[in-house]
Amino acid sequence: MTSTQTPTSRISGFYKRSLDERATLVADWAGLSSDERAILVGDAGLSTAQADHMIENVVGTFSLPLGIATNFLINQRDYLIPMVIEEPSVVAAVSNAARLFRAGGGFVTSSDDPIMIGQIQVLDVADLNAASRAVLNDKARLLHIADEVGGSIVKRGGGARDIEVRPFPQTAIGPMLVVHLLYDCRDAMGANAINTAAEHLAPHIEALTGGRVNLRILSNLTDRRKARAEGVIPAAELATKTLSGEAVVQSIVEAGVFAEIDPYRATTHNKGIMNGVDPVIIATGNDWRAIEAGAHAYAARNGAYTSLTHWSQDADGNLRGNIELPLSVGIVGGATRVHPTAQVALKILGIESAQQLAEVIAAVGLAQNLAAMRALATEGIQRGHMSLHAKQLAVAAGAEGDLIPRIVQTMIEEGNIRLERAKELVSELTL
Ligand code: MEV
C-alpha cells in the first residue's frame, strides 16, 4: 500500500457535532469540492436518470444512512471510513474499536494479487486424464487466447495468469472436467472480464478435450484474492469499571474459540464481521452479494463453517486479532464509477488500488468483530445498544457536556429511553 501524508483520523466527540459540522469536517479532511460535499450529505447524488441506466424498470432510488467511522490507523496511515448501513451502533462501535487498535499501533494489512477464477464446465469427456493433460499442455496458447478479449484490463497489466484442471470422475451426470482460468483483474472487480474470457476460451477447451462445454462463469469463491488484517490491543485498554484488562482479554479469546468450533456461533460472529465489511462495500459501489457469498464459502472451506477471525493473547498479555477473507472489490467500472456517492467515498478513503480498498475493508471487519466481542465478553450487547441509543436521544433533546451522561444514566435506570423523557430531563436538570 502506498503511504501519503493525511491528517489524523483520531477525532474525539465526532458524534456530538452537528450534522453540518460533521460533513464540513469530513469534507475538509478529504479535500472535497462543494459539489462533492453536496453529494456526501445527500443534497445531490444518484439521480433517477442515472439509476435508470444502472438497472431495469427503474422508478426511483432508495436512501440509507451514510456514516463515517473515525480513528482508523492502517499501515501507519489515517483513514476515515464511509459506511452505508441501517443498523444503529455499528459505526460508533467500530470507531471505538479502531481507537483500541490504534493504541496498539494500528492495523497491519496485506493482500493477494487481484486474481479471480473463471470456471468452464466440460461434459461428455471420454478420458478425463487425457483431456486434463491436453488442456495443461496447451496452457500458454490458452492464456494468450484469453487475453485477446482482455481489453483495458490487459492494457493495465492484468489478464490471464494460469489454467488449472479439476477432474470429477463420478458425478450424477457422469465424468466432469472443470477448467479454471486464473485471471488478474487489477483494479476492477472483474466479473465482466473474467466471464468474457471464459466464454471466449470455451470452444478451444472443447477442441482440446473433445468434450462439450456447459457453463462458463466466474467463481465467487475468490480464494486467490484474499485480504488480511491484524492488530494488537493493549490489555489495559480493555479494562472496564468491574473487569481487569486481563480478564477481558481472556474472555474475548474464549469467545473466539467458541466461534472457531461451533458453526451456530460462527455464523453470528461472522455476521458481526460483515456488519463492518458490507457498509464499506456498499459505500464504494461494490457487489455485497459477491462478497457475502465468498466470505461464507471461505469460512466453510475445510468442511466445517468457522470463524473468519482468530484471537489470542500475546506474550505480553495483550490481545492479538487477525482476519483473512476473500475480497473481490473494484475501484473502476460498474456502480463504483457510475454512482456519485461511491466516487466521493473512494476519495474520502484516499484509495489508489483495489488491493488497498480490500485491505482497508479487512481492517474494518476485524475492528467490527472486536467491538462485538468486547461488548459480548463484558456487559453484553444490549446495555451498549441501550446506552448509545439513550446518548443519541439526550443529544437530540439538546443536552450538552456533563448533562449527557446524567440523562443517559437516569433514562437507563428508569428503563424509559424515549425522546420525550430526554427532553423532560433536559428541562428539569437545566433549571
Ligand atoms: C449484531 O448485528 C452482531 C452481533 O450479534 C455479532 C456477534 O454476536 O458477534 C453482535
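Because only heavy atoms are used, hydrogens play no part in the values below, and waters and symmetry mates are left out as well, while side chains stay in. Both ligands and their constituent atoms are indexed starting at 1 by order of listing.
Ring planes of Phe107 and Phe101: tilted class, angle from 30 to 60°.
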| query | Which is it for Tyr79 and Ile348 under the side-chain contact (heavy atoms from CB on, under 4.5 Å) test, yes or no, and what are the steps along the way? | reply | CA-CA 8 Å; Tyr79 286 87; Ile348 293 169; over 6 Å; no
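Distance from atom 10 (C) of ligand 1 to its nearest protein heavy atom, with residue and atom name: Ile381 CD1, 3.7 Å. Looking at atom 5 (O) of ligand 1, its nearest protein heavy atom turns out to be Thr268 CG2, 3.6 Å.
In terms of N/O distances under 3.5 Å, ligand 1 is approached by Glu87.
Atom NZ of Lys347 has more than 12 neighbouring heavy atoms from other residues, nucleotides or ligands inside a 6.0 Å radius. Counting heavy atoms of neighbouring residues, nucleotides and ligands inside a 6.0 Å radius, atom CG of Asn192 does not exceed 12 of them.
For Arg166 and Phe168, the positive end is not near the middle of the six-membered ring at less than 6.0 Å and at most 45° from its axis.
We find the CG-CZ distance between Leu325 and Arg225 to be 12.5 Å, quoted to the nearest 0.5 Å.
Residue Asn275 touches ligand 1 through its side chain alone, judged by heavy-atom distances below 4.0 Å. With a 4.0 Å heavy-atom cut-off, ligand 1 is reached by no atom of Met274. Contacts between Leu376 and ligand 1, counted as non-hydrogen atom pairs separated by less than 4.0 Å, involve the side chain only.
Close contacts of ligand 1 with His269, meaning ligand atoms under 4.0 Å from a residue heavy atom, involve 9 (O).
At least one heavy atom of Arg265 sits under 4.0 Å from some atom of ligand 1.
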